[in-house]
Protein chains: 2
Amino acid sequence: MSDDRLTRAADRTQAIMRTTLELAQEVGYAKLSIEAVAARTGVGKHTIYRRWPSKGALFLDAVLTPNEPGLHYADTGDIVADLRQQIHAAVDLLGQPPLGPLYRALVGEAQHNPMVAAALNERFIRPQADRTVARLRRAQEQGQLSSEFDLDVAMAILSGPLYFRLLITQEPLTHEYVERVLKVLLAGMTPRP
Amino acid sequence: MSDDRLTRAADRTQAIMRTTLELAQEVGYAKLSIEAVAARTGVGKHTIYRRWPSKGALFLDAVLTPNEPGLHYADTGDIVADLRQQIHAAVDLLGQPPLGPLYRALVGEAQHNPMVAAALNERFIRPQADRTVARLRRAQEQGQLSSEFDLDVAMAILSGPLYFRLLITQEPLTHEYVERVLKVLLAGMTPRP
DNA sequence: CTCTAACGGCACGGCACGTGCCGTTGACAA
DNA sequence: TTGTCAACGGCACGTGCCGTGCCGTTAGAG
């Protein structure tokens with residue numbers, strides 16, 4: 001079996017990513033070192049550098065891999081209910097530990113490291129945004145939204161204030177807050193006669 | 001004159017901050033080192049550490065000090081015109097070099113360093129947000145906005161999508177984009193009978 | 001004419017980086 | 001069964017920057 005080789009390698013990869021998340025939660029991303037990850041995992045530094053080119057790339061993989069499928073996105077036929085469900089799920093996921101602080105650090109690293117920024121976009125941001133816009137488009141085609149309504153901007157208004165709180169003002173993300181955002185968005189969203 | 005002492009010290013402070021911005025633009029914030037700033041400024045490292053406790057604090061000061069007054073905020077009596085003027089000024093300031101990339105790096109650092117996050121909030125984010133909400137409140141009192149309209153959320157909808165583009169999707173900040181955001185916001189903003 | 005604080009220059013120990021080398025392990029092919 | 005080979009853990013190395021001492025100098029303050 002050649003599977004054993006691959007399985008052993010995959011196991012090590014998983015173990016390294018687990019240790020990375022552990023250490024990041026204990027000391028913070030800024031003080032995280034590949035040296036420490038290697039030591040705690042019981043692995044040579046080469047084994048890490050063979051898989052990831054930088055601390056940022058390792059951290060990105062460690063944070064995103066367990067959340068790869070992204071947020072669940074229902075289509076119940078009711079666009080308001082679906083948007084509400086989705087934005088509350090985002091608050092639950094990003095607004096609290098464990099993922100919240102890790103995700104904040106990941107976005108922070110993306111500001112310094114273009115490779116991390118690109119990968120974060122492709123693996124998490126864009127798929128999520130695309131699903132939101134697609135759902136909005138279906139609603140628009142069914143006449144639940146005004147036909148001139150700007151779907152891309154609507155998506156940005158759903159996400160932007162959430163990220164603004166998470167990254168800029170650093171106030172807690174609450175369900176009450178996103179509900180207020182949703183309310184204002186809906187005021188400009190419903191079809192006009 | 002004791003002024004000479006203070007003047008010399010202030011001159012050195014200015015020179016260090018100038019060099020910091022220079023080097024940050026040349027090599028990026030990630031590769032910026034206090035050692036290099038000291039060397040290029042022709043200054044001992046102590047002289048820097050005496051003024052700032054960390055690279056992050058130095059960078060914050062270097063970026064914000066020249067932009068301390070914040071964005072100009074007119075009150076022409078027309079709330080729509082004022083919001084439009086203000087958000088376009090934000091695009092001009094943050095959407096392009098030199099400040100754009102520096103500001104992105106600053107927000108990134110704030111995700112790893114609570115002191116930087118707090119100072120960024122107090123010196124730039126909150127004053128700006130407060131001015132926006134205050135302007136909205138005046139408009140509301142004058143009946144230009146519905147009395148139940150959520151002013152804090154309106155501010156977040158003005159800022160959030162802008163930061164979302166700047167930090168997350170990293171698409172260029174354009175006047176056309178913020179104009180679309182404004183249009184959607186206004187749809188939920190006007191008074192209802 | 002001292003006194004003193006801030007200074008530039010230099011050296012230091014410490015840490016993490018990224019990269020070599022070496023001996024070992026274990027799956028696979030001959 | 002034996003030989004091959006890639007991945008591995010362990011170790012050491014040179015490098016860069018950290019933050020902090022010390023030392024001699026400089027230029028106002030008293």
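All values below come from the heavy atoms of this structure, side chains included, with hydrogens, waters and symmetry mates left out. Just so it is clear: chains get the letters A, B, ... in the order the sequence lines come, proteins before strands, and each one is counted from 1.
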Chemist: For DNA chain D, which residues in residues 107-119 of chain A have a heavy atom at a distance below 4.0 Å?
Modeler: none
Chemist: Which nucleotide in the list D/dC17, C/dG8, C/dC17 gets nearest to the side chain of B/E35?
Modeler: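 Per side-chain heavy atoms of B/E35, the pick is D/dC17.
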Chemist: Salt-bridge test for B/E148 and A/K183: reply yes if a basic N is under 4.0 Å from a carboxylate O, no otherwise.
Modeler: no
Chemist: Between atom CD1 in B/I16 and atom C1' in C/dC7, what is the gap in whole Å?
Modeler: 11 Å
Chemist: Can you check the A/K31 NZ to D/dC18 C1' distance for me, whole Å?
Modeler: 13 Å
Chemist: Starting at CG of B/L64, measure out to CG of B/L106 and round the result to the nearest 0.5 Å.
Modeler: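 B/L64 CG to B/L106 CG: 5.5 Å, rounded to 0.5 Å.
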Chemist: Would you give the length of the straight line joining atom CD of A/E109 to atom CG of A/L60, rounded to the nearest 0.5 angstrom?
Modeler: 9.5 Å
Chemist: Got a sec? Which of residues 46-61 of chain B come in under 4.0 Å of DNA chain D, heavy atoms?
Modeler: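 Residues of residues 46-61 of chain B under 4.0 Å from DNA chain D: B/H46, B/Y49.
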Chemist: Whole angstroms only, please: what is the NZ-C1' distance between B/K45 and D/dC18?
Modeler: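 After rounding, the gap between these two atoms is 6 Å.
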Chemist: How far apart are the closest heavy atoms of A/L136 and A/A154, and which atoms are they?
Modeler: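 Looking at all heavy atoms of both residues, the shortest contact is CD1-CB, 4.0 Å.
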Chemist: Answer yes or no on whether B/R135 is positioned over the face of B/Y73, meaning its NZ or CZ is under 6.0 Å from the six-membered ring centre and within 45° of the axis.
Modeler: no
Chemist: To the nearest 0.5 Å, tell me how far A/R165 CZ sits from A/T174 OG1.
Modeler: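 Separation between the atoms: 5.5 Å.
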Chemist: Could you work out which one of C/dG18, D/dG9, C/dC7 sits closest to the side chain of A/V43?
Modeler: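 So the side chain of A/V43 is nearest to D/dG9.
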Chemist: Grab the two heavy atoms, one from A/A90 and one from A/L162, that are nearest each other, plus how far apart they are.
Modeler: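 Minimum heavy-atom contact is CB-CD1, 4.2 Å.
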Chemist: May I ask you to evaluate whether B/R8 reaches the phosphate of D/dT26, defined as a side-chain N or O under 4.0 Å from OP1 or OP2?
Modeler: no
Chemist: Is a side-chain donor-acceptor pair under 3.5 Å present for B/R137 with B/Q140?
Modeler: no
Chemist: Would you mind reading off the distance between B/D11 atom CG and D/dG28 atom P, rounded to a whole angstrom?
Modeler: 13 Å
